[in-house]
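Presented below is the structure to which this report refers.
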Amino acid sequence: MNLVREAFLYQNRFNGQTMVFKVEFPVTEGAGFPYLMKDVGLLAASGIRVVIVPGAAECIDKALEEHGKRALFVRGERRTTHDVIPYVEMAAFHAATRFMTGLSACRVDAVIGNFVRARGRGVADGVDMEATGAVDKVFTEAIARVLDFGMVPILPCIGWSPVGKPYNVSSDEIAVAVSAALGAVKLVIVTAGAAFYARDFAAPEGVDCAEDGHILHLGPKEAALMLKMNADEGTDGALLSRRTPGTVKERSLSALSLAVAASKAGVERVHIVNGWEEGVVLRELFSNFGAGTMVYADEYEAIRTMRNSDIPDVLRLMEPLMRKGVLLRRSAEDIQERKDDYVVFVIDGAVHGCAALREWGGGQAEIGALVSGGEKVEAGVGRRLVQWLLERARRRGIKRVFVLTVSTQDWFEALGFREAAVETLPEAKRKGYDGERKSKVYALDVV
Ligand SMILES: CC(C)(COP(=O)(O)OP(=O)(O)OC[C@H]1O[C@@H](n2cnc3c(N)ncnc32)[C@H](O)[C@@H]1OP(=O)(O)O)[C@@H](O)C(=O)NCCC(=O)NCCS
């Protein structure tokens, strides 16, 4: 239910905005691909301007192999020679038509087009790159027109020079160039690698992780550092130097390196999601928790579990309200003791809100220590904190969430909470209920 609510809010916010999807080729071959297309089609049908850049690396490798040719790479860059360009064109369009087919099955029209002008890459490290191209220009007007018709533009990894010479341009480069040129609000990389679980990768200290251990967000510097930390033999700053990324880890890192390039080019949000997980795109975009890893280029707001180093900031937020009697008095030690209950709302790393969910047994939990504050804070922080905690409660099998309040009953009522009798509180809580304070009990059944 929460996902549906979030989806409505989100749809409103991104209606008419552009999102670019770069999908790696193995994902298009998987059993889940029709579902992915359904979800992407839903976004397109709901008014988001969807652009697709199909990855084709493995498809190109296969086509070359079938014709007795070897895939060549120079410092991680594919070198396409003149004699193999026909096979590369075939592979690029084969990959692109997979999307056309997938989308048309969902009644979404798409256009595979010549949306990129290319120029020869020239000579790299003393090697003639022949039919390897670079993006010379993105035809943004043509793309916009297709989008205006309610269609999805698909950009194969081929571009033509002004005199009609075909070049093989990396789909990563196209994804970055087109996202930047269209001012896309998001680039979504659907990888054939795995999600970024902190246990599987070397990660910078203090990165934000979800409860299941996957990395939620990385700033551009953190992402670049993470690439460096995971670079090893055969990788060149995580870009493979000799071949198409093969292992799951290599694929994930290559997606991360694309994300870093895109955020350097000014794309504000790049999401990396695991293409083998069904529904991953919608969950990443709509749910408060996210299902993938986001690299953000600009200021970023997020809710995450509290760390020890946040405690002074949390106390600073709570202090004036404790003085007024709006919040119960808690010391640094009290907070430290129940550290895992707390979440904080951070903007660019600084704490601007907090809240806690305390489990009392019997399927009940209490929301408390809720504060939203600071000059930078816009409306909605309190609501977002409560929704985040309700989702946490739901995931933990909590049936009922309650709050004891002296001054925010109307606010909680607007969120669906209803007044409840003190007798409905879990026994342990009832024992400690402070009759003097005469707090009101408001509760919500978690569904
Ligand atoms: C209650 C609180 C967390 C709400 O956070 P928030 O980020 O301002 O909440 P939202 O932006 O989602 O909502 C703002 C709306 O709630 C209303 N609102 C804020 N406090 C309210 C209250 N005590 N009673 C009724 N409505 C309230 C605002 O007027 C605003 O209304 P609008 O949207 O019509 O302009 C915040 O006001 C706060 O930190 N209060 C002090 C601490 C506190 O009372 N905590 C609760 C202890 S149980």
Side-chain angles (χ1 to χ4, degrees), residues 1-2 5-10 12-13 286-288 299-306 310-332 334-335 338 341-348 350-360 364-393 398 400-422 424-426 429-430 432-446:
M1 199 52 204
N2 215 32
R5 272 189 212 112
E6 287 293 317
F8 273 112
L9 286 172
Y10 183 89
N12 233 357
R13 196 164 135 218
F286 295 156
S287 105
N288 284 321
E299 175 186 278
Y300 181 62
E301 305 174 345
I303 296 172
R304 61 163 170 76
T305 45
M306 187 184 71
D310 298 323
I311 294 177
D313 292 330
V314 166
L315 269 172
R316 178 183 47 76
L317 281 177
M318 287 171 53
E319 186 52 46
L321 295 153
M322 294 194 292
R323 238 182 289 128
K324 278 193 208 155
V326 173
L327 293 183
L328 273 181
R329 184 147 285 284
R330 293 170 179 88
S331 65
D334 297 334
I335 297 173
R338 304 216 60 90
D341 292 352
Y342 284 78
V343 292
V344 287
F345 188 98
V346 289
I347 302 176
D348 256 1
V351 175
H352 288 271
C354 63
L357 183 80
R358 177 165 180 185
E359 293 183 41
W360 283 96
Q364 294 211 54
E366 176 184 10
I367 286 183
L370 171 67
V371 187
S372 92
E375 302 108 55
K376 263 183 131 178
V377 171
E378 287 179 21
V381 171
R383 180 185 55 77
R384 282 167 65 185
L385 281 164
V386 168
Q387 281 184 341
W388 203 97
L389 290 181
L390 289 175
E391 182 139 0
R392 173 185 265 188
I398 303 285
R400 185 170 181 264
V401 169
F402 65 88
V403 57
L404 264 59
T405 174
V406 287
S407 60
T408 41
Q409 52 273 31
D410 292 333
W411 190 80
F412 277 105
E413 205 157 30
L415 287 177
F417 284 71
R418 292 294 171 260
E419 187 165 8
V422 175
T424 62
L425 293 175
K429 179 73 195 174
R430 215 164 49 226
Y433 179 77
D434 181 354
E436 294 265 315
R437 231 171 111 78
K438 296 218 169 20
S439 305
K440 287 192 185 292
V441 179
Y442 272 72
L444 179 76
D445 290 333
V446 178

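One-based numbering, in listed order, for ligands and for the atoms of each. Just so it is clear, the structure is predicted and the values come from calculations on it, not from any experiment. Side chains are part of it too, since the values below use all heavy atoms of this structure and drop only hydrogens, waters and symmetry mates.
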To the closest 0.5 Å, what do you measure between CG (Asp445) and CD (Gln364)? 9.0 Å
Under the 6.0 Å and 45° cation-pi test, does Arg384 pair with Trp388? no
Those atoms of ligand 1 less than 4.0 Å from some heavy atom in Val371: 39 (O)
For Leu370, the ligand 1 atoms whose distance to one of its heavy atoms is below 4.0 Å: 3 (C), 42 (C), 43 (C), 45 (N), 46 (C)
Is there a nitrogen or oxygen of Ser372 sitting under 3.5 Å from a nitrogen or oxygen of ligand 1? yes
Using a strict 4.0 Å cut-off to heavy atoms of Leu321, name the atoms of ligand 1 that fall inside it. 41 (C), 42 (C)
Under 4.0 Å from one or more heavy atoms of Val326, ligand 1 contributes atoms 43 (C), 44 (O)
Arg358 side chain to Ala365 backbone, donor-acceptor under 3.5 Å: no
Got a second to check how far Tyr433's OH is from Leu404's CG, nearest 0.5 Å? 6.0 Å
Check for me whether the distance between the ring centres of Tyr442 and Phe417 falls short of 6.0 Å. no
In Å, rounded to the nearest 0.5 Å, how long is the span from CG of Asp334 to CG of Leu315? 9.0 Å
Any nitrogen or oxygen of Phe412, side chain or backbone, less than 3.5 Å from one on ligand 1? no
At a 4.0 Å threshold, what atoms of ligand 1 neighbour a non-hydrogen atom of Leu327? 47 (C)
Per-atom contacts, ligand 1 versus Ser407 - under 4.0 Å to a heavy atom: 22 (C), 23 (N), 24 (N)
Considering all heavy atoms, the nearest Val422-Arg430 contact: O-CD, 3.4 Å
Compute the shortest N/O to N/O distance between Trp411 and ligand 1 and return yes if it is under 3.5 Å, no if not. yes
So if I count the atoms of ligand 1 from 1 in the order they appear, which ones are less than 4.0 Å from some heavy atom of Arg383? 12 (O)
